[in-house]
Amino acid sequence: MDSPGPAPARPAVKATEESVLAIRHWTPTLLSFRCTRPAAFRFTPGHYTRLGLGAGDARVWRPYSLTSAPGDDFLEFIAVRVPGGAFSERLRELTIGGALGVDKAAYGFLTVNQLAPGKDLWMLSSGTGLGPFMSILRDPTVWRNFERLILVHSVRHAAELAWRDEIEALPPRAWQAEAKAQLRYLPIVTREPGATILSDRIPLLLADGRLEAAAGTPISLADSRLMVCGNPELARSLRDYLGTRGYTTNRRGVPGQMAFEKYW
Ligand SMILES: Cc1cc2nc3c(=O)[nH]c(=O)nc-3n(C[C@H](O)[C@H](O)[C@H](O)COP(=O)(O)OP(=O)(O)OC[C@H]3O[C@@H](n4cnc5c(N)ncnc54)[C@H](O)[C@@H]3O)c2cc1C
Ligand SMILES: NC(=O)c1ccc[n+]([C@@H]2O[C@H](COP(=O)([O-])OP(=O)(O)OC[C@H]3O[C@@H](n4cnc5c(N)ncnc54)[C@H](OP(=O)(O)O)[C@@H]3O)[C@@H](O)[C@H]2O)c1
């Protein structure tokens, strides 16, 4: 009988091989890209999947949030190149027509159905944490189900305000008749004084009331639902702060008022 080989380091990813359709460089270290979508690939806005780059045993897999809408016939992602990162340094090799491994499944809990019904949906993001909120905003559902959508995007430099023009033009004309919600977009540039009206970090702006003032609406347990995505320290401090105000995450299937996704 053969002796069993060493256990695999991690479960094999069941994936399809997709092809890159488009690449957009926002800065030398920030890019978004589209690839072909397998016919059977299903996801909910806010989900992530796993992407694979490199050939054979050298292939590296990492989780990436979908930025495209469930109705799009392509998949889209945004990524920052982290110096020395095993996966993200390989993004340099991404070319139109090149191969990209895509996990067959989508995952995660940063979806609107994790939240109790509410009137206002606050989407608080840093850096590439904008991604899942693009998917949510590119789908008509939230526009029908909320009264106010507040998108906060904190970046170091103005050039990292990805999709700024598209966000400012939302909702698309085709949905305007049925879209109940108003969008308030609050970009925050923290390292370029004067680039945006708000320039402090999100937790400070929330604690001293400036974020609510800029949004033109207060945050309340009864009406507000909050989603946070990106930097883990940002997520931790907002979770602690909102926890003291009585907000909870989904617990054992009981929807709460807040949801988080940490990227590292
Ligand atoms: C659920 C989930 C969804 C994710 N979605 C995205 C996404 O949509 N876009 C994306 O760029 N990354 C995303 N990430 C992070 C991504 O999976 C990788 O960590 C990232 O690409 C770096 O991989 P790496 O191998 O190059 O370096 P790693 O060894 O994985 O990371 C090295 C370090 O880089 C920093 N870092 C990693 N990711 C980021 C980031 N996104 N922004 C700022 N600093 C970072 C951290 O300090 C981390 O410790 C997600 C992570 C999770 C858990
Ligand atoms: N952005 C760049 O110019 C750049 C260039 C090359 C490489 N990189 C690499 O890319 C990675 C990610 O950079 P990134 O700029 O996308 O992500 P980031 O460092 O998480 O910064 C994104 C935004 O989040 C804010 N932020 C950071 N920590 C926070 C906290 N604890 N609480 C609240 N807000 C917080 C930042 O404000 P502050 O400005 O106050 O920190 C910034 O506005 C890093 O590993 C970096 O080495 C970045």
Side-chain angles (χ1 to χ4, degrees), residues 10 13 23-35 43-54 58-68 75-94 100-103 105-111 114 124-136 152-163 186-193 195-196 198-208 210-211 227-242 259-264:
R10 55 178 80 87
V13 177
I23 303 171
R24 181 166 183 178
H25 293 276
W26 298 96
T27 74
T29 53
L30 181 69
L31 66 156
S32 54
F33 49 94
R34 292 178 178 183
C35 70
F43 70 99
T44 301
H47 272 162
Y48 67 89
T49 188
R50 285 179 290 179
L51 300 182
L53 281 177
R59 180 159 274 193
V60 179
W61 292 93
R62 288 287 184 274
Y64 277 83
S65 299
L66 290 133
T67 65
S68 45
L75 301 178
E76 187 188 60
F77 305 91
I78 184 167
V80 67
R81 283 213 332 256
V82 180
F87 181 96
S88 60
E89 283 287 14
R90 291 181 188 208
L91 290 165
R92 282 177 200 278
E93 299 155 20
L94 213 61
L100 180 69
V102 178
D103 191 325
Y107 312 89
F109 301 103
L110 193 75
T111 51
Q114 292 291 314
L124 309 178
S125 62
S126 68
T128 53
L130 171 71
F133 301 138
M134 288 307 297
S135 182
I136 288 171
V152 181
H153 187 203
S154 177
V155 295
R156 297 180 187 185
H157 304 288
E160 292 154 356
L161 290 172
W163 294 298
L186 301 175
I188 302 172
V189 173
T190 46
R191 301 194 189 185
E192 247 181 75
T196 45
L198 299 172
S199 59
D200 283 313
R201 287 180 163 189
I202 294 172
L204 175 60
L205 294 169
L206 194 57
D208 68 13
R210 276 182 291 159
L211 204 62
M227 301 174 107
V228 179
C229 187
N231 185 302
E233 289 301 329
L234 165 72
R236 253 187 295 277
S237 56
L238 291 180
R239 197 183 183 117
D240 291 348
Y241 172 73
L242 291 166
F260 296 84
E261 188 98 272
K262 292 184 285 186
Y263 273 2
W264 66 94

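Everything numeric here is computed off the predicted structure, so don't read it as measured data. Start at 1 and go down the list; that is how both ligands and their atoms are numbered.
- In this structure the side chain of Val102 reaches within 4.5 angstrom of the side chain of Leu51, judged on heavy atoms.
- The nearest protein atom to atom 42 (C) of ligand 2, hydrogens excluded, is given as Thr190 OG1, 3.5 Å; this is a heavy-atom distance.
- Residue-to-ligand polar distances keep Glu233 apart from ligand 2: every N/O pair is separated by 3.5 Å or more.
- Using a 4.0 Å cut-off between heavy atoms, Ser237 makes no contact with ligand 2 at all.
- Here the side chain of Thr196 pairs a donor or acceptor atom with the backbone of Val189 at under 3.5 angstrom.
- You'll find the side chain of Phe77 reaches within 4.5 Å of the side chain of Leu66, heavy atoms only.
- Listed by number with element, the atoms of ligand 2 under 4.0 angstrom from any heavy atom of His157 are 3 (O).
- Glu160 and Arg156 make their closest contact through OE1-N, 3.2 Å (heavy atoms, listed as atom of the first residue, atom of the second, distance).
- Proximity of Thr29 to ligand 2 is established by a heavy-atom distance of less than 4.0 Å.
- Across all their heavy atoms, Ala207 and Tyr241 have their closest contact at CA-OH, 3.9 Å.
- Scanning the protein heavy atoms around atom 24 (O) of ligand 2, the nearest turns out to be Ser126 CB, 3.3 Å.
- Taking 4.5 Å as the limit, some side-chain heavy atom of Leu238 sits within range of a side-chain heavy atom of Phe260.
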Determine all donor-acceptor pairs shorter than 3.5 Å in which one atom belongs to a side chain in residues 79-87; sequence neighbours excluded.
from	atom 1	to	atom 2	distance (Å)
Arg81	NH1	Pro28	O	3.2

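- When all heavy atoms of Ile202 and Ser125 are compared, the pair lying nearest together is CD1-O, 3.6 Å.
- Contacts between Leu234 and ligand 2 below 4.0 angstrom, taking non-hydrogen atoms only, involve backbone and side chain alike.
- Side-chain contact check for Val155 versus Leu30: every heavy-atom pair is 4.5 Å or farther apart.
- Closest to atom 47 (O) of ligand 2, if we only count protein heavy atoms, is Pro83 CD, 3.9 Å.
- Looking at Ser154 next to ligand 2, an N or O pair under 3.5 Å apart turns up.
- Of the protein's non-hydrogen atoms, Arg201 NH1, 3.5 Å is the one closest to atom 30 (C) of ligand 2.
- In summary, the atoms of ligand 2 found under 4.0 Å from a heavy atom of Arg191, numbered by their order in the structure, are 38 (P), 39 (O), 41 (O).
- Of the protein's non-hydrogen atoms, the one nearest atom 45 (O) of ligand 2 is Val82 CG1, 4.1 Å.
- Annotation: ring pair (Phe, Tyr, Trp, His ring centres under 6.0 Å) contacts of Tyr107 (sequence neighbours excluded): Tyr48.
- In terms of protein heavy atoms, atom 10 (O) of ligand 2 is closest to Val80 CG2, 3.6 Å.
- Ligand 2 is approached by Trp264 to a heavy-atom distance shorter than 4.0 Å.
- Residue contacts with ligand 2 for Val155 involve N, CA, C or O but no side-chain atom from C-beta outward (heavy atoms, distance under 4.0 Å).
- The distance criterion of under 3.5 Å between nitrogen or oxygen atoms is met by Glu160 with respect to ligand 2.
- Contact check for Leu211 versus Leu124: side-chain heavy atoms found under the 4.5 Å cut-off.
- Residue-level proximity to ligand 2 for Arg156 is carried by backbone and side chain together, each with a heavy atom below 4.0 angstrom.
- For atom 16 (O) of ligand 2, the nearest protein heavy atom (residue, atom name, distance) is Gly127 CA, 4.0 Å.
- With a 4.5 Å cut-off on side-chain heavy atoms, Thr190 and Ile188 count as touching.
- One distance of note links OG1 of Thr128 with CG of Leu31; it measures 10.5 Å at 0.5 Å rounding.
- Within 4.0 Å of ligand 1, protein heavy atoms come from Tyr48, Arg62, Pro63, Tyr64, Ser65, Ile78, Ala79, Val80, Val82, Gly85, Ala86, Phe87, Ser88, Thr128, Glu261, Lys262, Tyr263, Trp264.
- When all heavy atoms of Pro232 and Trp264 are compared, the closest pair comes out as CG-O, 3.1 Å.
- Taking Phe133 as the reference, nothing meets the ring pair (Phe, Tyr, Trp, His ring centres under 6.0 Å) condition, with sequence neighbours excluded.
- Nearest protein neighbour of atom 27 (C) of ligand 2, counting heavy atoms only, is Asn231 ND2, 3.4 Å.
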